[in-house]
S.K.: 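Quick one: structure below, then a few questions.
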Amino acid sequence: MPKLLIAATAALTLRSFLLPHARRMREEGWTVDGAARGILEDEACKGAFDSRFEVEWVRDPRDALSLARSYRRIRQIVRAGRYDIVHVHTPVAAAVTRFALKNFGAAERPKAIYTAHGFHFFSGAPLKNWLLFYPVEKYLSRFTELLITINAEDYARARGFAAKRVEYLPGVGVDVARFRDCREAADRSALGVPEGAYMLLSAGELNANKNHAEVLRALARIGDREIHYVIAGDGPLRAELRSRAAELGVGAQLHLAGYRYDMPELYRSADCFVLPSKREGLPVALMEAAASGLPLICSRIRGSVDVAAKYPDCRLYESGDTDALAALLRVRPKRGENGTHSLPEEIFGLRAATETSARLYKELLGS
């Protein structure tokens, strides 16, 4: 039977996005292995793969010593596994793996798939991103049988690369029913949100790219103490966000909920979802919020505009335009104001995504 290796920098990527795809192919009779940093300790990955391999990937492309170690390790795994297909995710793991595979002999070289979850070079990206990542990606596309992009902007750009085949697949799939059919809301009082307040929700790592501080600045300009902002997630800017909120006079309106396992209930308790990111590939949290029927406010960036095109209750603003964001928040959009909406399952749903990826695997194997 066919053998597939799914590789990513960290086990978190596999656990969060790719396990349904691994299970689908195992149900089809394929052998599916996984390779990532931390995969041996990850409980969710234990039952999802036939075999699991630890690779000490690093995110920093300047760490030449670590990259050399991961290069040798992935060559060892692929040569011993004799895979038909190697499917890589995340930029560093994808670059190192494809660079390793290109030096295999024709008889032992598996077919390479790379899913780009958002190129680091994009419209408006810093010049250094274009200088560093664009030439590497364009070069390695020569050794890529299938390049999968998850938003329209990346797809248009990838079609100019040398990959043998380029496909547009809108994400890894969202379990729409899990969010659409949830009827139990999270306890607002446990989050610190007063009864009767307007609850604004974001979800994602507390980092500079997610740009949560822009929402704090908008709240300060509005001056409406009844709007409370809940962020589900954790990260390096936790203390800085608290400090910034206090400086802006909105400290009592910010609630950092940490990493959550009850996202369907949290979406159900909110009045509106906001995504102020500077860069996304195709934001899963935005799709989950849409699946739950929430009104959306998000920056006009790639990926987000793809969701907005298919979800009527979404309001866009230019990233960095705090006044425009404040104007949208001041309106206080409510769930169901423009009718009942949900994320189109036939486009963004989990079943659609796993069926498409299974079809692509089989077509690639057949070629």
Side-chain angles (χ1 to χ4, degrees), residues 91 117-134 150-154 156-157 198-224 227-251 253-256 270-287 289-290 294-309 311 313-333:
H117 294 268
F119 289 136
H120 282 282
F121 45 92
F122 54 93
S123 299
L127 178 61
K128 65 178 182 180
N129 286 33
W130 284 92
L131 294 175
L132 176 62
F133 293 105
Y134 180 80
I150 63 172
N151 61 66
E153 180 183 318
D154 285 352
R157 186 159 288 123
Y198 182 82
M199 179 175 156
L200 194 63
L201 175 65
S202 286
E205 186 179 0
L206 308 183
N207 61 33
N209 176 62
K210 293 299 182 181
N211 201 24
H212 300 110
E214 186 160 84
V215 180
L216 299 178
R217 291 192 295 271
L219 290 177
R221 294 189 188 186
I222 295 169
D224 185 342
I227 300 179
H228 282 250
Y229 183 32
V230 175
I231 308 176
D234 215 334
L237 296 189
R238 186 180 184 89
E240 185 177 318
L241 284 170
R242 285 197 184 282
S243 174
R244 185 65 176 140
E247 290 173 7
L248 291 167
V250 296
Q253 296 168 249
L254 173 65
H255 310 277
L256 301 180
D271 292 301
C272 181
F273 185 83
V274 60
L275 188 79
S277 298
K278 299 175 182 177
R279 173 183 62 84
E280 293 283 353
L282 186 67
V284 172
L286 191 68
M287 293 189 288
L294 273 174
L296 311 176
I297 296 175
C298 57
S299 50
R300 192 187 301 274
I301 57 173
R302 62 164 185 186
S304 293
V305 297
D306 294 23
V307 176
Y311 187 74
D313 204 358
C314 183
R315 298 154 179 85
L316 297 168
Y317 74 97
E318 299 299 330
S319 181
D321 190 343
T322 307
D323 288 334
L325 176 57
L328 291 173
L329 294 176
R330 193 176 282 114
V331 174
R332 291 196 187 188

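Just so it is clear, the model here is predicted, and its values are computed rather than measured. Atom set for the values below is all heavy atoms of this structure, side chains included, hydrogens, waters and symmetry mates excluded.
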S.K.: Shortest non-hydrogen contact from Leu254 to Leu256?
M.R.: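 Closest heavy-atom pair between Leu254 and Leu256: CD1-CD2, 3.8 Å.
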S.K.: Check for a donor-acceptor pair, side chain of Glu205 on one end and backbone N or O of Gly233 on the other, with a separation under 3.5 Å.
M.R.: no
S.K.: To the closest 0.5 Å, what do you measure between CZ (Arg302) and CG (Leu282)?
M.R.: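 It comes to 10.0 Å.
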S.K.: Drop me the distance from Ile231's CD1 to Leu216's CG, to the nearest 0.5 angstrom.
M.R.: 6.0 Å
S.K.: Closest approach of Tyr229 and Leu201, non-hydrogen atoms and distance?
M.R.: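 Shortest heavy-atom contact: CE1-C, 4.4 Å.
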S.K.: Report the distance from atom CD of Glu214 to atom CG of Asp321, rounding to the nearest 0.5 Å.
M.R.: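 So the CD of Glu214 and the CG of Asp321 are separated by 8.0 Å.
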S.K.: Can you name the nearest heavy-atom pair linking Leu329 to Leu219, along with the distance?
M.R.: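 For Leu329 and Leu219, the tightest heavy-atom pair comes out as CD1-CD2, 4.4 Å.
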S.K.: For residues Ser277 and Asn211, determine if any side-chain heavy atom of one lies less than 4.5 Å from a side-chain heavy atom of the other.
M.R.: no
S.K.: Ignoring hydrogens and angles, tell me if any N or O in the side chain of Asp154 forms a donor-acceptor pair with the backbone of Gly281 under 3.5 Å.
M.R.: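 No, the answer is negative, given that no donor and acceptor are paired below the 3.5 Å cut-off.
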S.K.: What pair of heavy atoms forms the shortest contact from Ala220 to Leu248, and how long is it?
M.R.: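 Looks like CB-O, 3.7 Å.
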S.K.: Would you please classify the geometry between the Phe133 ring and the His120 ring as parallel, tilted or perpendicular, with 30° and 60° separating the classes?
M.R.: parallel
S.K.: Quick one: pull up CD1 in Ile227 and CD in Gln253 and give me the separation to the nearest 0.5 Å.
M.R.: 7.5 Å
S.K.: Looking at side-chain heavy atoms only, is the closest gap between Val274 and Cys298 below 4.5 Å?
M.R.: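 Counting from C-beta outward, Val274 and Cys298 never come under 4.5 Å.
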S.K.: Side chains of Leu275 and Leu296: closer than 4.5 Å at any heavy-atom pair?
M.R.: no
S.K.: Counting only heavy atoms from other residues, nucleotides and ligands, does the tally under 6.0 Å from CD of Glu247 exceed 12?
M.R.: yes
S.K.: Is the closest side-chain heavy-atom distance between Glu318 and Arg300 below 4.5 Å?
M.R.: yes
S.K.: Can we say Arg157 and Glu153 salt-bridge, meaning some charged N sits less than 4.0 Å from an Asp/Glu carboxylate O?
M.R.: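 Salt bridge present between Arg157 and Glu153.
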S.K.: Quick one: do Asp271 and Arg332 make a salt bridge, cutoff under 4.0 Å?
M.R.: no
S.K.: Using the six-membered ring wherever Trp is involved, compare the ring planes of Phe119 and Phe121 and label them parallel, tilted or perpendicular (cut-offs 30° and 60°).
M.R.: parallel
S.K.: May I ask you to test the Pro295-Phe273 pair for a side-chain heavy-atom distance under 4.5 Å?
M.R.: no
S.K.: Could you tell me which non-hydrogen atom of Ile297 sits nearest to which non-hydrogen atom of Pro333, and how far apart they are?
M.R.: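 That would be CD1-CG, 4.0 Å.
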S.K.: Starting at CD1 of Ile301, measure out to CZ of Phe122 and round the result to the nearest 0.5 Å.
M.R.: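 With rounding to 0.5 Å, CD1 (Ile301) is 8.0 Å from CZ (Phe122).
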S.K.: Can you check side-chain contact (heavy atoms from CB on, under 4.5 Å) on His117 and Ile150, steps first, answer last?
M.R.: CA-CA 6 Å; His117 294 268; Ile150 63 172; 4.2 Å; yes
S.K.: When rounded to the nearest 0.5 angstrom, what is the spacing between NE2 in His212 and CG in Leu241?
M.R.: 7.5 Å
S.K.: Please, which pairs that meet salt bridge (Lys or Arg N to Asp or Glu O under 4.0 Å) have at least one residue in residues 275-285, sequence neighbours excluded?
M.R.: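 Sorted result for residues 275-285: Lys210-Glu280.
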S.K.: Pro283 and Ser304: which non-hydrogen atoms are nearest, and at how many Å?
M.R.: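 Between these two residues, the closest heavy atoms are CG-OG, 3.7 Å.
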S.K.: With side chains defined as the heavy atoms from C-beta onward, is the minimum distance between Arg238 and Asp234 less than 4.5 Å?
M.R.: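 Yes, close enough: below the 4.5 Å cut-off.
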